[in-house]
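Down below is the structure, laid out as structure tokens.
It should be emphasised that the depicted structure is a prediction, and the values quoted were computed from it without experimental measurement.
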Amino acid sequence: TASKYYGTRIEDNEISLNFPDVVNICAVYESTDSNAPVLDKLTFVTGLSLNQNVIIGEKIIGHDSRAVGQVVSVTSNEVFYVPKNSNNFIVGENVKFDDSSLNIELQKLTNGSYVDLTENYRLDDGSQHEYCDYSRIVRRTGAPTPDKRLLVIFDKYDVASGNSGD
């Protein structure tokens with residue numbers, strides 16, 4: 001739905017991420033239709049319980065293709081990811097999960113449905129001398145204004161509840 005507040009609309013030059021301490025923008029995807037952008041997906045054999053074993057944010061690497069991606073979300077046998085290089089995964093190759101130490105044969109590759117606008121934005125992490133503001137993405141000068149739904153994927157610091165710090 002449309003918002004009347006600056007920083008929450010796709011046409012705004014600055015879009016709030018509603019989190020402080022964002023350290024990296026992984027992707028800014030615009031939809032190709034009226035639905036949300038759809039991420040690229042890797043499908044593996046059933047019964048692996050990937051949703052219990054894979055770590056969100058970890059790198060995945062194709063053994064033969066040398067394709068690299070970053071895990072965004074997981075189901076029991078599917079991994080949705082953001083590509084981190086220009087190589088493409090190959091069906092039948094083993095995919096190594098860097099942090100969870102899994103090494104699994106890829107059964108199916110499904111391309112997402114999006115327009116990659118990542119280069120059109122830069123990160124403003126919100127760090128100021130006096131305070132820490134919410135992080136935001138800022139559209140680069142001359143970049144076109146998107147007109148469909150956006151999906152912003154980012155890395156942020158996260159402190160577990162109950163952690164009292166140092």
Side-chain angles (χ1 to χ4, degrees), residues 3 5-32 36-42 50-63 65-75 78-89 95-104 109-146 148-166:
S3 172
Y5 300 107
Y6 183 80
T8 60
R9 303 170 299 210
I10 60 172
E11 66 269 15
D12 295 336
N13 285 327
E14 300 174 352
I15 300 174
S16 176
L17 299 176
N18 291 333
F19 286 98
D21 297 329
V22 171
V23 294
N24 181 46
I25 297 297
C26 300
V28 179
Y29 292 157
E30 181 181 25
S31 178
T32 57
V38 177
L39 295 171
D40 297 327
K41 176 176 67 173
L42 304 178
L50 294 177
N51 53 336
Q52 296 174 14
N53 296 311
V54 172
I55 301 166
I56 302 299
E58 78 175 297
K59 286 185 182 172
I60 50 177
I61 303 164
H63 181 267
S65 65
R66 306 314 299 158
V68 178
Q70 182 173 342
V71 175
V72 175
S73 64
V74 182
T75 68
E78 299 170 326
V79 173
F80 296 87
Y81 72 98
V82 172
K84 299 307 277 181
N85 66 9
S86 60
N87 299 354
N88 296 315
F89 289 97
V95 176
K96 180 181 183 234
F97 291 74
D98 242 10
D99 295 330
S100 55
S101 300
L102 298 171
N103 200 359
I104 309 168
L109 170 65
T110 307
N111 291 325
S113 176
Y114 56 82
V115 177
D116 189 352
L117 301 181
T118 308
E119 294 301 315
N120 292 355
Y121 291 88
R122 69 172 178 80
L123 173 65
D124 174 357
D125 66 6
S127 295
Q128 308 296 327
H129 290 294
E130 299 84 22
Y131 64 95
C132 183
D133 198 0
Y134 283 133
S135 301
R136 63 188 59 84
I137 56 172
V138 180
R139 193 167 356 110
R140 296 183 189 279
T141 304
T145 303
K148 295 183 180 72
R149 294 175 70 172
L150 292 180
L151 174 63
V152 182
I153 300 162
F154 54 87
D155 297 326
K156 67 179 180 70
Y157 288 110
D158 197 15
V159 178
S161 64
N163 186 332
S164 61
D166 294 330

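Residues passing the side chain to side chain contact (heavy atoms under 4.5 Å, CB included) test with Ile61 are Arg66, Val68, Asp98, sequence neighbours excluded. Partners of Ser113 according to the side chain to side chain contact (heavy atoms under 4.5 Å, CB included) rule, which considers only residues two or more places apart in sequence or in another chain, are Thr32, Val38. Tyr121 meets the ring-ring contact (aromatic ring centres under 6.0 Å, His included) test with no other residue; sequence neighbours excluded. Shown here are the side chain to side chain donor-acceptor pair (under 3.5 Å) partners of Ser101, two or more places apart in sequence or in another chain: there are none. For the salt bridge (charged side-chain N to carboxylate O under 4.0 Å, His left out) test, no residue two or more places apart in sequence or in another chain qualifies with Arg122. Residues meeting the salt bridge (charged side-chain N to carboxylate O under 4.0 Å, His left out) test with Asp124, sequence neighbours left out: Arg136.
Between Asp155 and Gln70, some side-chain heavy-atom pair lies under the 4.5 Å cut-off. Considering only heavy atoms from C-beta on, Asn88 stays 4.5 Å or farther from Ser65 through its side chain. With a 4.5 Å cut-off on side-chain heavy atoms, Ile60 and Phe89 count as touching.
Checked by atom type, the side-chain pair Asn120/Arg140 shows no donor-acceptor distance below 3.5 Å.
Atom CD1 of residue Ile25 and atom CG of residue Leu123 lie 4.5 Å apart, to the nearest 0.5 angstrom. The CZ atom of Arg139 sits 10.0 Å away from the CG atom of Leu117 when rounded to the nearest 0.5 Å.
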